[in-house]
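The structure under discussion appears below in the form of structure tokens.
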Amino acid sequence: MAIILAYGCFGGIMGSFPSLSSEVFGLRYAGQNYGIIMSGIIIVTITSPVISNMILIHELSEVVRFMTGFCFAVIALGFSMLLKKEINQSGKEVKNYGTC
């Protein structure tokens, strides 16, 4: 039930992820790749408020909360760049989806 509720919170944009994951990772393991992407989104959805509340409980300033978010954004950008590099090495065409 919790997984269904978590999936339902994301609305229509989740309809684009199956085709995007198939295009980036190929059709061989399309369902598995989509499942991994969705699991990652659910994990982030659950852990983000936990991290934010931990900062709030320890009475740290709002700046710390925004810097934490910035650090995670830089890490995500790094992973996106690694993925783009890996795709370029495999010889696939990389389309610009607004990242990197």
Side-chain angles (χ1 to χ4, degrees):
M1 186 65 169
I3 292 173
I4 292 170
L5 289 173
Y7 273 53
C9 292
F10 293 102
I13 195 166
M14 290 297 116
S16 65
F17 277 116
S19 61
L20 180 62
S21 66
S22 295
E23 186 174 335
V24 171
F25 299 112
L27 290 173
R28 185 168 182 185
Y29 301 108
Q32 182 179 2
N33 292 332
Y34 178 63
I36 291 170
I37 290 172
M38 287 306 298
S39 297
I41 290 172
I42 290 171
I43 290 168
V44 168
T45 302
I46 293 169
T47 57
S48 295
V50 171
I51 293 170
S52 182
N53 284 333
M54 285 174 53
I55 292 170
L56 191 65
I57 288 171
H58 293 293
E59 297 179 2
L60 301 172
S61 69
E62 290 289 321
V63 174
V64 174
R65 196 180 303 190
F66 285 110
M67 289 305 295
T68 304
F70 176 75
C71 290
F72 281 113
V74 169
I75 291 168
L77 179 64
F79 282 129
S80 295
M81 293 171 108
L82 286 173
L83 177 62
K84 188 173 182 178
K85 182 179 176 184
E86 184 71 28
I87 291 171
N88 284 338
Q89 287 177 352
S90 71
K92 285 185 177 180
E93 180 185 341
V94 180
K95 294 182 180 177
N96 187 2
Y97 290 104
T99 59
C100 301

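- Hydrophobic cluster membership for M67: V63, F70, V74 (Ile, Leu, Val, Met, Phe, Trp, Tyr linked by side-chain heavy atoms under 4.5 Å, directly or transitively).
- Summarising the hydrophobic clusters (Ile, Leu, Val, Met, Phe, Trp, Tyr; side-chain heavy atoms under 4.5 Å, direct or chained), the residues clustered with V50 are M54.
- The side chain to side chain contact (heavy atoms under 4.5 Å, CB included) search around L60 returns I55, H58, V64, not counting sequence neighbours.
- Atom SG of C71 and atom CZ of F66 lie 13.5 Å apart (nearest 0.5 Å).
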Test log, rule side-chain contact (heavy atoms from CB on, under 4.5 Å), inputs F72 and V44: CA-CA 11 Å; F72 281 113; V44 168; over 6 Å; no

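- Put simply, the side chain of S52 never gets that close to the backbone of S48: no donor and acceptor are under 3.5 Å apart.
- When the salt bridge (charged side-chain N to carboxylate O under 4.0 Å, His left out) test is applied to E62, the partners found at least two apart in sequence or on another chain are R65.
- Residue pairs meeting the salt bridge (charged side-chain N to carboxylate O under 4.0 Å, His left out) criterion with at least one member in residues 29-58, sequence neighbours excluded, do not occur.
- Remark: I46 pairs with I42 by the side chain to side chain contact (heavy atoms under 4.5 Å, CB included) rule, at least two apart or across chains.
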